[in-house]
Amino acid sequence: RNYLNSHPCARPGAVVLKDWSKSCGINNSIGGYYTSYAVNIMWIYYLVQKGIIPYIDPLSIPQSLVDCKDYNPQYVPIFPPEIEVDAAKREAMFRQMGELLVGFYAFYCFEFD
């Protein structure tokens, strides 16, 4: 969650990739393919490698939510509220998200080893 909330394009990109992977049959763990979790990890890894989002030290994340008393989690919209009202910002974010998605495919086709 921390990774996907650290950049405005991270969470929408994860949603798009999940939908894409399901529609083309890659997201099919029963058939021996990827899970939604694996697709998200690949997306996060790509974003970290390209410097789009920062690496988060696992030790800085709370180990357990067992003692959590906050039973009303706060809703976080997929798109930042300012994007909804500003057409120029929305267009810029959509363009950046498209570039990141194309970069994701190129990264795993040509760079990742």
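Sequential numbering from 1 along the given sequence is applied to the chain's residues. Just so it is clear, the values below take in all heavy atoms, side chains as well, and ignore hydrogens, waters and symmetry mates.
- Between the NE2 atom in His7 and the CE atom in Met93 there is a gap of 9.0 Å [rounded to 0.5 Å].
- Taking CE of Met42 as the reference point, atom CZ of Phe112 lies at 7.0 Å (rounded to 0.5 Å).
- Under the 4.5 Å side-chain heavy-atom criterion for ILVMFWY residues, no single connected hydrophobic cluster contains both Val102 and Met97.
- Put simply, the side chain of Tyr3 never gets that close to the backbone of Leu47: no donor and acceptor are under 3.5 Å apart.
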Residue pair Tyr46, Leu100: steps toward the side chain to side chain contact (heavy atoms under 4.5 Å, CB included) verdict: CA-CA 9 Å; Tyr46 163 72; Leu100 288 172; 4.2 Å; yes
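- Annotation: the span from Cys24 atom SG to Asp19 atom CG amounts to 9.5 Å, rounded to 0.5 Å.
- With salt bridges taken as basic N to acidic carboxylate O contacts below 4.0 Å, one links Arg95 and Glu91.
- Each of Val48 and Tyr37 belongs to its own hydrophobic cluster when Ile, Leu, Val, Met, Phe, Trp and Tyr are linked at side-chain heavy-atom distances under 4.5 angstrom.
- Atoms SG and CD1, from Cys9 and Ile53 in turn, are 11.5 Å apart once rounded to the nearest 0.5 Å.
- Counting all heavy atoms, side chain and backbone alike, Val39 lies closest to Lys18 at CG1-N, 4.5 Å.
- Side-chain contact between Tyr105 and Leu17: present, with at least one pair of heavy atoms (C-beta onward) separated by less than 4.5 Å.
- Atom CZ of Phe94 is separated from atom CD of Glu99 by 14.0 Å, given to the nearest 0.5 angstrom.
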Trace of the side chain to side chain contact (heavy atoms under 4.5 Å, CB included) decision for Trp43 with Leu101: CA-CA 9 Å; Trp43 174 240; Leu101 289 167; 4.0 Å; yes
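- Hydrophobic clustering keeps Ile56 apart from Ile41 (ILVMFWY residues linked when any side-chain heavy atoms are closer than 4.5 Å, directly or through intermediates).
- Closest approach of Ile26 to Tyr33, counting heavy atoms only: O-CB, 2.9 Å.
- Environment of OH in Tyr55: crowded, with over 12 heavy atoms of neighbouring residues, nucleotides or ligands closer than 6.0 Å.
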